[in-house]
Amino acid sequence: MNSWIRKPRRFYPFFPFAPARARKDFTWNGYAFDKGVLTILDLYGTNHHPGLWEQPELFKPDRFDDWNGSPFNFIPQGGGDHHTGHRCAGEWITLEIMKESLDFLANKMSYEVPVQDVSFSFHDMPSLPHSRIVIRKVKALL
């Protein structure tokens with residue numbers, strides 16, 4: 001189930017980027033960052049980078065079947081280690097909520113999904129589909 005949850009998080013991150021301010025002057029990969037400068041971690045760009053993902057523009061159902069679990073090449077809620085890096089401490093609860101939601105949507109109700117605009121803006125935080133998500137003819141399965 002975890003691999004099914006990772007797919008939409010890579011393809012449609014909750015936020016297109018994560019902003020932060022540098023706490024001190026430093027240089028990384030030849031780039032100088034001054035204390036206080038606003039920086040961004042490009043979540044969408046990293047999760048769609050062709051150097052990290054084969055055919056990143058495709059939603060491939062088996063993409064995470066053999067994933068190594070790196071905290072740096074899949075960063076839907078920040079990157080790195082939860083204790084020492086910039087990664088959302090709420091990621092694990094998010095995974096559990098998404099698992100329960102997917103189970104509910106797939107196994108405990110029926111509905112129709114009409115044609116809609118699921119594109120999103122890179123300027124919005126969070127980045128929601130333009131149509132939101134519209135479902136109709138919703139019925140509980142007992």
Side-chain angles (χ1 to χ4, degrees), residues 1-138 140-141:
M1 175 79 79
N2 275 343
S3 76
W4 284 95
I5 298 303
R6 288 186 179 100
K7 292 170 184 62
R9 293 173 67 226
R10 183 198 72 84
F11 208 77
Y12 298 109
F14 299 125
F15 302 98
F17 60 88
R21 293 208 182 272
R23 289 191 282 172
K24 61 181 180 179
D25 294 346
F26 69 97
T27 301
W28 178 79
N29 283 355
Y31 295 96
F33 292 82
D34 296 328
K35 179 180 178 178
V37 72
L38 180 64
T39 62
I40 63 167
L41 175 59
D42 184 359
L43 303 176
Y44 183 88
T46 301
N47 289 326
H48 288 79
H49 193 286
L52 299 172
W53 303 98
E54 181 181 329
Q55 298 178 304
E57 72 285 357
L58 297 180
F59 188 84
K60 296 170 63 174
D62 59 351
R63 187 178 300 275
F64 284 97
D65 289 352
D66 297 318
W67 180 57
N68 67 4
S70 170
F72 298 103
N73 64 4
F74 174 55
I75 56 170
Q77 293 174 261
D81 179 74
H82 293 88
H83 303 290
T84 61
H86 187 82
R87 193 170 192 105
C88 180
E91 183 170 8
W92 305 118
I93 190 70
T94 299
L95 286 171
E96 293 305 314
I97 290 169
M98 289 183 72
K99 283 186 224 176
E100 291 297 320
S101 298
L102 178 60
D103 179 55
F104 187 78
L105 288 167
N107 300 313
K108 297 184 173 108
M109 62 189 300
S110 67
Y111 50 89
E112 288 182 3
V113 180
V115 174
Q116 53 198 291
D117 181 2
V118 294
S119 64
F120 56 93
S121 170
F122 288 96
H123 302 283
D124 296 338
M125 296 280 279
S127 53
L128 300 171
H130 287 128
S131 294
R132 305 295 179 153
I133 296 295
V134 177
I135 60 175
R136 60 182 179 207
K137 299 184 181 178
V138 178
L141 301 176

Are the aromatic ring centres of Trp53 and Phe64 under 6.0 angstrom apart?
-> yes

Sequence neighbours excluded, every pair satisfying salt bridge (charged side-chain N to carboxylate O under 4.0 Å, His left out) that has a member inside residues 8-22 | Arg9-Glu91

Name each donor-acceptor pair under 3.5 Å that joins a side chain in residues 34-42 to protein atoms two or more places apart or in another chain, with its distance.
from: Thr39; atom 1: OG1; to: Ala20; atom 2: O; distance (Å): 3.1
from: Asp42; atom 1: OD1; to: Gly45; atom 2: N; distance (Å): 2.7

Let me see the working for Ser131 and Val118 under side chain to side chain contact (heavy atoms under 4.5 Å, CB included), right down to the final yes or no.
-> CA-CA 6 Å; Ser131 294; Val118 294; 5.9 Å; no

List for me each residue that meets ring pair (Phe, Tyr, Trp, His ring centres under 6.0 Å) alongside Phe17, sequence neighbours excluded, and say none if there are none.
-> none

Given side chains that start at C-beta, do those of Met109 and Val138 come closer than 4.5 Å, heavy atoms only?
-> yes

Chi angles and distances behind the side chain to side chain contact (heavy atoms under 4.5 Å, CB included) call for Leu52, Thr46 | CA-CA 8 Å; Leu52 299 172; Thr46 301; 3.8 Å; yes

Does the side chain of Leu43 come within less than 4.5 Å of Pro16's, by heavy atoms?
-> no

Does Glu57 have any side-chain contact (heavy atoms from CB on, under 4.5 Å) partners at least two apart in sequence or in another chain, and if so, which?
-> Gln55

Kindly state each residue pair satisfying salt bridge (charged side-chain N to carboxylate O under 4.0 Å, His left out) with at least one member in residues 110-121, sequence neighbours excluded.
-> Glu112-Arg136, Glu112-Lys137

Checking Gln116 side chain against Pro114 main chain: does a donor-acceptor pair fall under 3.5 Å?
-> yes

Which residues satisfy the side-chain contact (heavy atoms from CB on, under 4.5 Å) test with Asp66, sequence neighbours excluded?
-> none

Residues in side-chain contact (heavy atoms from CB on, under 4.5 Å) contact with Val115, at least two apart in sequence or another chain = none

State which residues pass ring pair (Phe, Tyr, Trp, His ring centres under 6.0 Å) with Phe26; sequence neighbours excluded, sorted by chain then number.
-> Phe33

With Phe59, which residues qualify under side-chain contact (heavy atoms from CB on, under 4.5 Å), at least two apart?
-> Lys7, Pro8, Phe11

Lys108: what forms a salt bridge (Lys or Arg N to Asp or Glu O under 4.0 Å) with it, not counting sequence neighbours?
-> Asp103

Please report the shortest heavy-atom distance between Arg63 and Leu58, naming the atom on each side.
-> NH2-O, 2.8 Å

Can you tell me how far CZ of Arg6 sits from CG of Asn47, rounded to the nearest 0.5 angstrom?
-> 12.5 Å

Between Val113 and Ile135, what is the shortest heavy-atom contact and its length?
-> CG2-CG2, 4.0 Å

How many angstroms lie between CD in Glu100 and CD1 in Ile5, if you round to the nearest 0.5 Å?
-> 9.5 Å

Non-neighbouring partners of Trp92 that pass ring pair (Phe, Tyr, Trp, His ring centres under 6.0 Å), sequence neighbours left out | His82

